[in-house]
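Keep in mind it's a predicted model, so treat the numbers as computed, not measured. Order of the sequence lines sets the chain letters (A, B, ...), proteins ahead of strands, with each chain counted from 1. Values below: every heavy atom of this structure, side chains too, minus hydrogens, waters and symmetry copies.
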Number of protein chains: 2
Amino acid sequence: MPEHDAAATARMVEQEGCPIVEVLDHVAGKWAIGIIVAAAPGPVRFTELERAVDGISRRMLTLTLRRLERDGLLTRTVYPTVPPKVEYSLTDMACELHASLLELTSWAERHRMAIARARAAYDVAHSAAG
Amino acid sequence: MPEHDAAATARMVEQEGCPIVEVLDHVAGKWAIGIIVAAAPGPVRFTELERAVDGISRRMLTLTLRRLERDGLLTRTVYPTVPPKVEYSLTDMACELHASLLELTSWAERHRMAIARARAAYDVAHSAAG
DNA sequence: CAGAATCCTCGCCGATACTG
DNA sequence: CAGTATCGGCGAGGATTCTG
């Protein structure tokens with residue numbers, strides 16, 4: 001049983017919706033970004049995502065997929081075959097999001113070196129001096 | 001004492017830089033987005049940020065500011081007056097990021113209702129049925 | 001293949017109190 | 001005004017094991 005707070009959920013629907021900070025936390029969360037970007041080209045299977053996202057554990061992949069599905073960003077399609085086959089696709093809502101997320105990962109890729117250097121500089125400055 | 005793992009930091013600088021997932025986790029983290037967006041128009045003071053970011057505690061504001069400064073996204077300027085005055089500004093690197101983050105918050109704003117509804121729907125579907 | 005279940009650890013994060 | 005210090009709960013998240 002997930003047992004999410006039903007009262008809180010009802011309040012959200014009747015009022016103004018989900019708090020922005022919570023939306024962003026889900027949608028731009030540590031693993032969600034990679035998953036959405038990886039799922040954008042088309043239906044993707046569980047194991048493909050596991051390889052694509054890099055560093056994610058099976059557990060966190062499952063949990064994040066469930067949360068994204070609950071938020072209406074992913075659709076989950078089960079094919080009752082042996083072995084089982086499950087495909088994840090972005091909803092229209094998530095497709096709209098995809099471009100921004102791509103920009104984000106592109107930015108991260110371009111600046112990862114600069115960030116590493118900034119950190120090292122900060123660390124020496126704040127260990128030697130007070 | 002921050003005591004970050006110096007060996008790991010050195011490895012990052014010499015090799016390919018900071019892992020993307022970690023960059024994204026910092027830059028698009030729960031509070032970082034709001035802070036960067038709020039600081040984009042120009043130098044912002046601590047208390048302005050505290051009011052702007054909505055829901056953030058003084059502690060998390062401080063910690064997130066420090067982390068963003070360490071990553072080279074914010075510059076912190078202290079004016080030795082009484083009472084003290086501290087201003088935070090985005091670095092060029094962070095300015096580049098700002099546009100993407102704005103798109104993100106805009107998306108979140110537009111879809112918060114839909115997300116709340118999706119959740120409610122998911123919850124009833126997965127409590128009644130198996 | 002695509003998970004569910006369990007255990008355990010670590011860091012986020014709020015609450016509170018104190019300071020230059 | 002702009003922090004720092006400390007405590008404590010709770011959830012993120014890895015490792016491992018089991019399953020239809």
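Rounded to an integer number of Å, the gap from His26(A) NE2 to dA12(D) C1' is 12 Å. The nearest whole Å value for the distance from the CZ atom in Phe46(A) to the C1' atom in dC1(C) is 9 Å. One atom, CG of Leu65(B), and another, C1' of dC1(D), lie 14 Å apart when rounded to the nearest Å. Between the P atom of dA2(C) and the CD atom of Glu87(A) lies a distance of 9 Å, rounded to the nearest Å. In this entry the distance linking CG of Leu61(B) with P of dC12(C) reads 15 Å, nearest Å.
Side chain of Trp107(B) to main chain of Met93(A): a donor-acceptor pair is present (N/O by atom type, distance under 3.5 Å, no hydrogens or angles).
Nearest heavy atoms, Val44(B) versus Ala38(B): CG2-O, 3.5 Å. Taking both residues in full, the closest heavy atoms of Ile36(B) and Leu90(B) are given as O-CD1, 3.8 Å, listed atom of the first, atom of the second, then distance.
Look at Arg76(B) and you won't find any side-chain N or O under 4.0 angstrom from OP1 or OP2 of dA2(D). For dA2(C), the OP1/OP2 oxygens have a side-chain nitrogen or oxygen of Thr47(A) closer than 4.0 Å.
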Distance-only donor-acceptor hits, side chain of residues 25-33 of chain A, under 3.5 Å, sequence neighbours excluded:
from, atom 1, to, atom 2, distance (Å)
His26(A), ND1, Asp71(A), OD2, 2.7
His26(A), ND1, Arg119(B), NH2, 3.3

Fill in the blank from the handout: A correct 5'-to-3' footprint of nucleotides 13-20 of chain C, with B, S and - meaning base, sugar-phosphate only and no protein heavy atom under 4.0 Å, is BBB----B
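Under 3.5 Å, the side chains of Arg110(A) and Ser106(A) contain a donor-acceptor pair of N or O atoms.
Residue Tyr88(A) is tested with Glu48(A), Glu69(A), Arg45(A), Arg76(A) for a side chain to side chain donor-acceptor pair (under 3.5 Å); the sole match is Arg76(A).
Looking at heavy-atom distances under 4.0 Å, Tyr79(B) makes no contact with the nucleic acid at all.
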